[in-house]
Amino acid sequence: CMGVLPGGLITAMPEIRVFDLEPTQDRFLILACDGVWDVLQDEDAVAVCSSQAGAQEAALALVRRSFAAASDDNLTALVLTWRDTE
């Protein structure tokens, strides 16, 4: 990219947030790359995951929805559950 110094597009500093989870209320945790979050809002991702039978299906549905929304970045998603979602 013209006008960008070497190393100017990528940072080695991760974005870290700490949340207290309530296992009796919180159903899952979504870990996804920016290719997903560039095209989906948090609420949209939760809706996609909530409509799936399990964690593997939810992660696949997130990637597919992001692709359908014309994400032009890499697409990776992992959905973690700690209780049965059925």
Side-chain angles (χ1 to χ4, degrees):
C1 294
M2 292 179 43
V4 177
L5 296 175
L9 296 176
I10 300 173
T11 178
M13 296 298 296
E15 181 179 325
I16 299 174
R17 296 183 188 182
V18 177
F19 294 94
D20 291 325
L21 297 177
E22 181 56 51
T24 60
Q25 293 179 340
D26 299 318
R27 292 175 49 193
F28 49 82
L29 174 68
I30 302 169
L31 301 172
C33 67
D34 60 336
V36 173
W37 301 120
D38 287 346
V39 296
L40 294 180
Q41 298 296 316
D42 294 351
E43 296 80 11
D44 299 328
V46 169
V48 169
C49 290
S50 295
S51 67
Q52 302 302 313
Q56 185 173 352
E57 295 87 351
L60 181 59
L62 279 175
V63 169
R64 286 183 173 168
R65 177 70 62 90
S66 300
F67 184 77
S71 177
D72 60 356
D73 206 342
N74 58 323
L75 296 172
T76 304
L78 173 67
V79 178
L80 303 172
T81 60
W82 41 89
R83 66 183 177 114
D84 190 9
T85 57
E86 293 180 8

> Taking side chain as C-beta onward, heavy atoms only, is W37 less than 4.5 Å from I30?
Replying inline: yes
Let me have the donor-acceptor pairs involving side chains of residues 60-67, under 3.5 Å, with sequence neighbours excluded, atom names and distances please.
residue: S66; atom: OG; partner: L62; partner atom: O; Å: 2.8

> Are side-chain heavy atoms of D34 and N74 found at a separation under 4.5 Å?
Replying inline: yes
>> Using a 6.0 Å cut-off, check whether atom CD of E57 has over 12 heavy atoms from anything other than its own residue.
In response: yes
> More than 12 foreign heavy atoms under 6.0 Å from CD of Q41: is that the case here?
Replying inline: no
> Taking only residues two or more places apart in sequence, or in another chain, which ones meet A58 in a side chain to side chain contact (heavy atoms under 4.5 Å, CB included)?
Replying inline: C49, Q52, V79
> Under 3.5 Å, side chain of S71 to main-chain N/O of G35, donor-acceptor pair present?
Replying inline: yes
>> For a quick test of reading the model, state the closest non-hydrogen atom pair linking V46 to F28 and the distance between them.
In response: O-CZ, 3.9 Å
> Which residues satisfy the side chain to side chain contact (heavy atoms under 4.5 Å, CB included) test with T76, sequence neighbours excluded?
Replying inline: C33
> Residues two or more places apart in sequence or in another chain: which of them pass side chain to side chain donor-acceptor pair (under 3.5 Å) with E43?
Replying inline: none
>> Under the rule for side chain to side chain contact (heavy atoms under 4.5 Å, CB included), what residues qualify as partners of D20, not counting sequence neighbours?
In response: none
> What residues form a side chain to side chain contact (heavy atoms under 4.5 Å, CB included) with L21, not counting sequence neighbours?
Replying inline: D26, W82
